[in-house]
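Beneath this line is the structure, given in structure tokens, with notes to follow.
Every chain is numbered from 1, with letters handed out A, B, ... down the list of sequences.
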Number of protein chains: 2
Amino acid sequence: MLGRMSTKDPRAAGLARLASLAADETRAACLLALLDGRAWTAGELARHCRVAASTLSEHLGKLVAGGLLAEERQGRHRYVRLADARAAQLVEDLAALVAPDAAARPRTLRQSGAGSAMARGRTCYDHLAGRLGIAVTDALTARGLLRQDTGFALTDAGLRWFPAAGIALDRQGRRPLARACLDWTERRPHLAGVAGAALCRHALGAGWCVRIGSERAVKVTETGERALSELLGIEAAALR
Amino acid sequence: MLGRMSTKDPRAAGLARLASLAADETRAACLLALLDGRAWTAGELARHCRVAASTLSEHLGKLVAGGLLAEERQGRHRYVRLADARAAQLVEDLAALVAPDAAARPRTLRQSGAGSAMARGRTCYDHLAGRLGIAVTDALTARGLLRQDTGFALTDAGLRWFPAAGIALDRQGRRPLARACLDWTERRPHLAGVAGAALCRHALGAGWCVRIGSERAVKVTETGERALSELLGIEAAALR
DNA sequence: CGGACGTTTCGGTGAGCGCCGAAGTGTGCG
DNA sequence: CGCACACTTCGGCGCTCACCGAAACGTCCG
């Protein structure tokens, strides 16, 4: 239906082509996996999706051609990651809109175990999500560093807090400093954008939290509990 | 590929099913048309998309079942509209991400004429877009009523300005007061959310602008030019 | 009541596409 | 140099789905 001569609206054709990239279950699984913000090899994704390497290779070709993924070749490996923040935002939007259905069924024990780890804390592209992400966002709001009542933006106090906490904010580029990202386990917005990414990077770098397994789930360390308590008054109990 | 037993990730299956709704050119054209925020009949959409009524009926069935559209039956008519603000946001996101390609080609004279009217001013779901939307957003920002440098939110002054200008803001519900929506002609964010919708509703109600034809395009009236100039210091020249 | 009209259902058709395995290409390592 | 490994290309299979026209169903109106 896309191959016919475009006697139709070119904008509709473009939108359909873009959406069709995510309209396949295997490609959707790739996009969700890549929401951890890291680069995966083609082989890793093929095993993750349980399809032949040849099949996945074709999928990656389409996703890259469509602009959703960026690729980097290293030797005999092909690394892919989400192309940019806009591509990530699209996947986040789609995932958030799907959640109502998917939230209704924690499958096997193993999956529900992994699910609850994901619900406690995870990364979402390049920022924190899950109860951890919500706790941080709420703490920032309660301390007057982030405003949610009139939109979603840092306050002047918040603008000073980040550098003071040793977290640099890169104000170059068009990416917004703060952006709301709808959390698909908590069903409430958490902090994304430049500030969210900087905070997540710092949290992983300073050992506040560590990744669990190869998934997106993260676990708050004791160091992290102390730091979050001191800096933002987050009680460890809120993270469990 | 979707009909097989779901031995795969259920979240990926849900995302793929959602995306597949927009992955068809005809359905995409419907979603874009419905971005005007109004309800269309099945027949109107069929003519707009240039397909048989029977074909379009099937498309509407899928879009409604998928939760993107809401329908209302009136006599022998079937009215459909975008289901809610989240569905509209998804379509807006997709459209914005597509723009880079589509912006490159204003087709025939007639289309480019309609295109420039759309570029001057239009509605985007339920708020203002195009040069008009950008002008309003910029004016609000310049007057300290809206903050974009730290995210996207009304200021306290902005919170007072709306009621003072006779525009009520409904603060019930989960919809954010202010939200950035990427404009696909201007490539910059304009005001969406509760405040954007209220402003647009007021602008149409008070005769600041009127719709042109059956499309989304709107035209600023002389009354509107005066009001925008007095209230926000927007010069008429900026709207042409 | 009967015709006009908007919408829906149904059968049939053709095109697109996801999947695989086998064979081919290129890289790295012993 | 040659094997192992990661990835890609290709041919073929089977399923899905958008499309149409014809016919059925409702509603409105004269």
Checklist line | Check: B/Leu15 and A/Leu97 side chains under 4.5 Å, non-hydrogen atoms | finding: no
Check: Should B/Thr26 be listed as having a side-chain N or O under 4.0 Å from OP1 or OP2 of D/dC19?
Finding: yes
Item checked: Interatomic distance where CD belongs to B/Glu44 and C1' belongs to C/dT7 [whole Å] -> 14 Å
Check: Can you check whether B/Arg78 has a side-chain N or O nearer than 4.0 Å to OP1 or OP2 of C/dT8?
Finding: yes
Next item on the list: Would you kindly give the CG-to-P distance between A/Leu21 and C/dG16, to the nearest whole Å?
Entry: 17 Å
Notebook entry, point to check: D/dC17 P sits how many Å from B/Arg17 CZ, rounded?
Noted result: 11 Å
Checklist line | Length of the line joining A/Leu63:CG and C/dG18:P, which is rounded to integer Å | finding: 10 Å
Margin query: Can you confirm whether A/Thr55 sits close enough to A/Thr26 that some side-chain heavy atom of one is under 4.5 Å from a side-chain heavy atom of the other?
Written below: no
Notebook entry, point to check: Looking for any heavy atom pair under 4.0 Å, which part of the strands does B/Arg27 touch: base, sugar-phosphate only, or nothing?
Noted result: sugar-phosphate
Next item on the list: Report the distance from atom CH2 of A/Trp40 to atom C1' of D/dA6, rounded to the nearest whole Å.
Entry: 17 Å
Item checked: Whole-Å gap separating P (C/dC17) and CG (A/Leu56) -> 17 Å
Check: Between D/dT8, D/dA18, C/dT7, which nucleotide gets closest to the side-chain atoms of B/Asp24?
Finding: D/dA18
Notebook entry, point to check: Less than 4.5 Å apart, any side-chain heavy atom of A/Phe152 and any of B/Pro176?
Noted result: no
Checklist line | ring pair (Phe, Tyr, Trp, His ring centres under 6.0 Å) partners for B/His59, two or more places apart | finding: none
Next item on the list: Could you encode protein contacts along nucleotides 20-30 of chain D as a string, one character per nucleotide from 5' to 3', using B for base contact, S for sugar-phosphate-only contact and - for no contact, with a heavy-atom cut-off of under 4.0 Å?
Entry: BBB---BBS--
Next item on the list: Could you tell me whether the phosphate oxygens of D/dC17, OP1 or OP2, come under 4.0 Å of any side-chain nitrogen or oxygen in B/His59?
Entry: no
Notebook entry, point to check: Any Lys/Arg nitrogen of B/Arg38 or B/Glu44 sitting under 4.0 Å from an Asp/Glu carboxylate oxygen of the other?
Noted result: no
Item checked: A/Lys62 NZ - D/dT9 P separation (whole Å) -> 13 Å
Notebook entry, point to check: side chain to side chain contact (heavy atoms under 4.5 Å, CB included) with A/Arg122: which of A/Thr185, A/Asp36, A/Leu132?
Noted result: A/Thr185
Checklist line | B/Leu60 CG to C/dT9 C1', straight-line distance once rounded to whole Å | finding: 15 Å
Check: Angle class for the B/His48/B/Trp40 ring planes (parallel below 30°, perpendicular above 60°, tilted otherwise)?
Finding: perpendicular
